[in-house]
Each structure stands twice: as structure tokens, then as C-alpha cells.
Amino acid sequence: MNLQEVSVFIIYLVFMLGVGVWFFLRDKNQTEKGYFLGDRKMGAWVAALSAGASDMSAWVLMGLPTSIYALGLGQVWIAFGLATGYALSWIYEAPRLRAFSIAADDAITIPQYLTNRFLSESKSLQIISAVVFLVAYTIYSASSIKACGTLFNTVTGLDTTKAMYLAAVIVVGYTFLGGFSAVSWTDFFQGMLVLVAMFTVPLVANALLSAENFHAINEPAYWNAFSSWKDIVSGFGWGLGYFGMPHIIIRFMSIKSQSELRKSAKIGITWTVLILTFSVLVGMFGRMFVGFDETVNNNSLIFITMTRKIFPAIISGVILSAILAAAMSTADSQLLAAASAFASDVYRPVIRKNNAGNREMLWAGRIVVLVTAIAALIIASNPNAGSIMALVSNAWGVFGAAFGPAIMLSLFWKRFTFSGAACGIFTGALVDILWLSYMADTGVYEIIPGFAAGFIAAVLVSLISPKPSKEVEELFDKALTMSEE
């Protein structure tokens with residue numbers, strides 16, 4: 001155990017909890033909209049870095065670099081796919097989603113938006129969506145908690161399982177207290193820290209490479225990014241996930257104006273492209289700087305290993321806090337999105353028949369945060385749960401396949417119907433899960449057939465369904481005008 005690294009960690013964790021306490025004391029009487037969406041008052045920088053940080057969890061510092069470190073440049077297509085998808089979601093999806101969610105009775109969750117978009121009284125779509133949210137976010141949160149456990153174990157020697165529980169307590173603490181505002185501001189600080197860390201490590205490692213510590217890679221296959229069409233297709237398939245990733249696109253809905261959104265898009269796209277570029281460099285330089293080590297590969301440790309080899313303890317403590325930041329910034333967003341989906345889309349309309357007051361709704365959401373975190377802990381502590389990258393891949397695929405087609409069609413196709421949306425979400429999630437279960441050995445990422453199936457089902461069912469009412473079409477036209485202001 002290095003006391004300097006541990007001291008930095010403790011200071012960082014206390015700061016994160018302090019943010020949650022500050023927002024809790026400041027906003028004692030906050031509303032449901034304030035807790036789950038920050039009252040739509042987020043500025044460009046906070047919204048952009050919060051969206052990026054909630055997306056780029058510990059897998060971008062541990063999972064993706066280690067994949068490139070171990071498997072070669074064929075994995076770089078994941079970074080290309082993510083950068084492309086993220087940019088397109090900000091450019092085309094964000095302006096319309098913010099405007100459409102306001103026009104759709106000021107919806108504060110994705111399931112609520114999809115229901116209100118069609119002026120429907122049915123709660124079936126909200127319930128289907130909430131179920132997908134709870135299942136997928138529990139798995140996704142497990143990956144972040146597992147990363148925290150691995151990091152604490154490596155740095156402090158603390159038992160991995162105990163470390164996971166400690167990390168979960170911190171994340172649940174500030175999410176439970178401060179809600180969306182606390183999550184977004186902690187994400188902002190965490191996003192800045194992650195960028196600095198990802199910029200520093202590969203460049204310093206490259207500067208230090210010499211004949212003494214250069215581990216030559218003689219296998220031509222390692223450097224061949226075009227060795228498999230499956231790597232290329234699956235890599236770009238990751239980009240499809242952004243169109244339906246609730247904890248990311250909810251940030252689009254929180255921005256206070258369309259002009260701030262345009263500014264936020266430039267910041268967000270630039271930040272993400274930089275992060276992904278440096279993540280690839282960490283994997284490449286890590287292979288040259290460290291050489292291949294099966295332990296490093298199995299535990300996704302290349303970033304941690306390089307950092308501790310290069311920097312003195314006080315600096316490595318700050319840089320390694322970036323992994324903690326990345327893991328926490330994603331876990332908090334996922335927990336809050338799961339809570340908002342259940343509280344707003346199941347608890348209030350179905351269980352309480354719209355009789356729940358504001359205070360009751362806040363506590364319902366907080367309880368879901370706690371329950372989801374406990375379930376994620378159980379998964380993360382299971383030794384057979386899979387790697388950090390595998391857990392992220394599974395959750396990412398379900399969300400992208402289920403919600404991506406429905407959300408994009410709702411924003412760009414006036415003829416889209418409520419039945420089409422419900423069928424698209426169900427079909428996309430089902431095909432994604434079945435492909436993962438029975439067709440994973442094809443080497444094609446399950447989000448691709450899942451997204452395609454969800455899109456086709458949504459279009460076909462919409463075409464055979466009755467045409468949307470005049471009121472629904474007017475809502476579409478109104479929202480479209482708002483998005484262009």
C-alpha cells in the first residue's frame with residue numbers, strides 16, 4: 001500500500017460526497033423535475049462533460065486500452081465507431097430530442113417522452129422501457145463497480161469485494177442526496193480529470209521509450225487493423241448505441257436552450273474524440289512499454305501498470321483517481337436513470353395511480369437507486385460475471401438495439417406510431433439478447449442485428465397501424481419548429 005496514493009484517493013472521495021451534500025442542502029425543496037433533470041438549467045460545459053463522462057466509464061481507461069494492448073489494432077474500430085456515433089447523436093439527435101421532449105408535455109425521462117410523443121394514455125411502453133432500464137442498468141453499473149474494486153485492490157491492497165462496497169456507498173451517497181445536479185457537476189470535474197490523465201500517460205510513456213524499455217512487437221497481425229471485417233463492422237456497430245443510451249441522451253434534454261446545446265455539442269464531440277484517441281494510444285504504447293503480461297490482460301490493468309511505472313506516488317494517485325472518476329461518473333448516471341424510469345414511469349402512473357406527491361416521488365427514486373446498486377454489487381462480486389469490457393458490451397448492446405431505432409424514428413418520421421415504438425423496443429432488446437445467447441460465436445456484435453430488427457419491426461408495425469391523429473402530427477410540427485430556433 002502506498003500512503004500517498006491512498007491519501008489522494010481519500011481526498012477525492014470526500015470531495016465527491018461533499019458535492020452531493022452541498023446540493024442536498026441547497027435544494028431541500030427540489031422538485032421531481034429538479035432531482036431527475038436539473039430543471040433543464042444545465043449550461044454548455046457542464047452538460048457536455050457530464051454526457052461524456054457518464055459515457056466514458058472505466059472501460060475507456062481499463063477495458064478498451066487493454067483490448068488494444070492484448071489483441072492489436074483490430075480493436076481500434078471500436079473507437080472509430082464510438083466517435084462517429086457520438087458526433088452524429090449530438091448533431092442530429094440532440095437538437096430535436098430537447099425540443100421534442102419539451103413539446104411532449106415537458107417529459108423528463110425517455111419512456112415518458114416516447115409515451116407523450118404519441119399523446120397516448122397507455123402505460124405499456126413506459127413499463128416495457130422501465131423493465132429494460134432496470135435490467136440493463138444493473139449490469140452496466142456492475143461494470144463500473146467492478147472497476148472500482150479492481151482499482152482499490154491494486155492501489156491499496158484492500159479486498160476487491162470490500163472495495164466494491166466502499167465505492168458503491170460513495171456513489172449512492174451523492175446520487176441519493178443531490179440528484180441530477182450533483183451527478184452532472186461531479187461528472188464535470190471527473191470529465192476534466194479523465195481528460196488530463198488520458199492525455200498525460202501515453203505521451204509520457206512514448207517519451208520514455210528507449211532501447212532498454214522498448215518491447216518490440218514482431219507479430220505483423222498485431223499492427224494490422226484490417227485483418228477481420230467482423231472487427232470493422234462490430235466496431236462501428238458500437239456507434240449505434242449512442243442513439244438509444246438513456247443516461248447520455250438525457251443530458252440533451254437538460255440543456256437550458258438550443259443555443260447552449262449547439263455550443264455543448266462542439267465541446268462534447270471534441271472531448272470524446274480526444275479521450276478515445278488517447279485510449280487507443282494507451283493500449284499501443286502500453287504494449288511497447290510493458291510488453292505482454294497475461295495478468296495485466298486478465299485484469300484490464302494496462303493503464304494502471306503504466307501509470308505506476310512512470311510517475312511518483314503522489315502524481316500516480318491523482319492520475320489513477322481518473323479511473324475512479326470514470327467509473328463513478330457512469331455509475332451515478334446509470335443509477336439515476338434507472339431510478340427516474342421506475343419512479344416516473346411505473347411507480348407514479350401504475351402503482352400509485354398518479355396520486356404520489358413530489359416528496360414521495362423523490363424518495364421512491366432514491367430507494368430505487370439503493371436497490372439497483374445492491375443488485376449491481378451482487379453481479380460485480382460474482383467471479384463469473386465477466387470482464388469490465390464484457391459487462392459494458394452487453395448493456396450497451398441492449399440499450400442501443402432497444403431504444404435507438406424508436407427514438408430516432410420518433411424524431412424524424414411523422415408517420416411513426418405508438419405501437420411501432422413499443423414493438424421496436426421489445427423486438428430490438430429481444431433479438432439483441434438472443435443473438436448474444438446463441439450467435440455470439442459469429443463474431444458479430446449483437447447490437448447490429450438487434451438494432452436492425454428493432455428498426456424494421458418499428459417501421460412495419462407503424463405502417464400497418466392507423467395513421468397518427470391530427471393532434472400528434474401537430475405536436476411533431478411544433479417540436480420541429482422549436483428544434484430549428
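What you are looking at is a predicted structure, and each value in this text was computed from that prediction instead of being measured. Just so you know, these numbers use all the heavy atoms, side chains as well, and skip hydrogens, waters and symmetry mates. If you read the sequence from its start, that first residue is 1, and numbering goes on from there.
- The CG atom of Leu125 sits 6.0 Å away from the CD1 atom of Ile128 when rounded to the nearest 0.5 Å.
- Considering only heavy atoms from C-beta on, Val282 stays 4.5 Å or farther from Leu64 through its side chain.
- Asp231 approaches Gly74 most closely through the heavy-atom pair CB-O, 3.5 Å.
- Within 6.0 Å of atom CZ in Phe426, 12 or fewer heavy atoms from other residues, nucleotides or ligands are found, so the atom counts as exposed in its surroundings.
- Closest approach of Leu114 to Ala406, counting heavy atoms only: CD2-O, 4.3 Å.
- Taking a 6.0 Å sphere around CZ of Phe412, one finds it holds more than 12 heavy atoms contributed by other residues, nucleotides or ligands.
- Across Arg117 and Ala104, no two heavy atoms sit closer than the pair N-CB, 3.9 Å.
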Requested in this report: Please report the C-alpha distance between Leu411 and Glu93 in whole Å, then the side-chain angles of each, then the deciding distance to 0.1 Å, and finally whether the side-chain contact (heavy atoms from CB on, under 4.5 Å) criterion is met.
Outcome: CA-CA 8 Å; Leu411 299 175; Glu93 182 179 30; 3.8 Å; yes
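- Of the listed residues (Ile78, Leu82, Val76), just one forms a side chain to side chain contact (heavy atoms under 4.5 Å, CB included) with Leu276, and that residue is Leu82.
- Taking the six-membered ring for Trp, Tyr242 and Trp90 have ring centres at least 6.0 Å apart.
- Between the side chain of Ser381 and the main chain of Ile378, a donor-acceptor pair closer than 3.5 Å is present.
- Atoms CG and OG1, from Leu377 and Thr161 in turn, are 9.5 Å apart once rounded to the nearest 0.5 Å.
- To the nearest 0.5 Å, atoms CG (Leu71) and CG (Asn297) are separated by 7.0 Å.
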Report task. Could you please spell out the steps behind the side-chain contact (heavy atoms from CB on, under 4.5 Å) verdict for Thr442 and Trp435? Result -> CA-CA 9 Å; Thr442 62; Trp435 190 277; 3.5 Å; yes
Query raised in the report: Where do Ser410 and Tyr113 land on the side-chain hydrogen bond (donor to acceptor under 3.5 Å, both in side chains) test, with the steps shown first?
Result: CA-CA 10 Å; Ser410 75; Tyr113 156 67; 2.8 Å; yes
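- Side-chain contact check for Arg98 versus Ser483: every heavy-atom pair is 4.5 Å or farther apart.
- Taking the six-membered ring for Trp and the full ring otherwise, the centers of Phe243 and Tyr92 sit at least 6.0 Å from each other.
- By the 4.5 Å heavy-atom criterion applied to side chains, Asp432 and Pro449 are not counted as neighbours.
- Aromatic pair Tyr86/Trp271: centroids not less than 6.0 angstrom apart.
- The two residues Tyr222 and Ile68 come nearest to each other via the heavy atoms OH-O, 2.8 Å.
- Side-chain rings of Phe118 and Phe416 approach one another, their centers coming within less than 6.0 Å.
- Side chains of Phe399 and Ile447 form no contact here, defined as non-hydrogen atoms less than 4.5 Å apart.
- Taking both residues in full, the closest heavy atoms of Ile448 and Gly237 are given as CG1-CA, 4.0 Å, listed atom of the first, atom of the second, then distance.
- Using a 4.5 Å cut-off on side-chain heavy atoms (C-beta onward), Met253 and Leu97 make contact.
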Requested in this report: Go through the steps for Ser437 and Glu446 under the test side-chain contact (heavy atoms from CB on, under 4.5 Å), then give the verdict.
Outcome: CA-CA 9 Å; Ser437 301; Glu446 63 268 16; over 6 Å; no
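- Here the two rings, on Phe289 and Phe285, have centers that are 6.0 Å apart or farther.
- With values rounded to the nearest 0.5 angstrom, Gln75 atom CD is found 9.5 Å from Ser234 atom OG.
- Between Trp77 and Phe236, the two ring planes are tilted [angle within 30° to 60°].
- Counting heavy atoms from C-beta on, the side chains of Tyr140 and Leu391 never come closer than 4.5 Å.
- Residues Met306 and Ile302 form a side-chain contact, since some pair of their non-hydrogen atoms from C-beta on lies under 4.5 Å apart.
- Interatomic distance, Thr372 OG1 to Phe133 CZ, rounded to the nearest 0.5 Å: 12.0 Å.
- For NZ of Lys266, the number of neighbouring non-hydrogen atoms (other residues, nucleotides, ligands) closer than 6.0 Å is 12 at most.
- Here the rule is side chain to side chain contact (heavy atoms under 4.5 Å, CB included) with Thr417, and of Ser462, Ser120, Cys423 only Ser462 fits it.
- Annotation for Ala142 and Ala380: closest pair O-CB, 3.4 Å, computed over non-hydrogen atoms.
- Distance CG/Leu240 to CG/Leu88: 10.0 Å, rounded to 0.5 Å.
- Classified by interplanar angle (parallel below 30°, tilted 30° to 60°, perpendicular above 60°), the ring pair Tyr69/Phe292 is parallel.
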**Report entry** Worked verdict on Phe252 versus Ser101 for side-chain contact (heavy atoms from CB on, under 4.5 Å)
**Finding:** CA-CA 10 Å; Phe252 302 160; Ser101 65; over 6 Å; no
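- Ring geometry, Phe278 versus Phe199: the interplanar angle exceeds 60°, so the pair is classed perpendicular (tilted spans 30 to 60°).
- When side chains are defined from C-beta on, Phe418 counts as touching Ser124, because their heavy atoms get closer than 4.5 Å.
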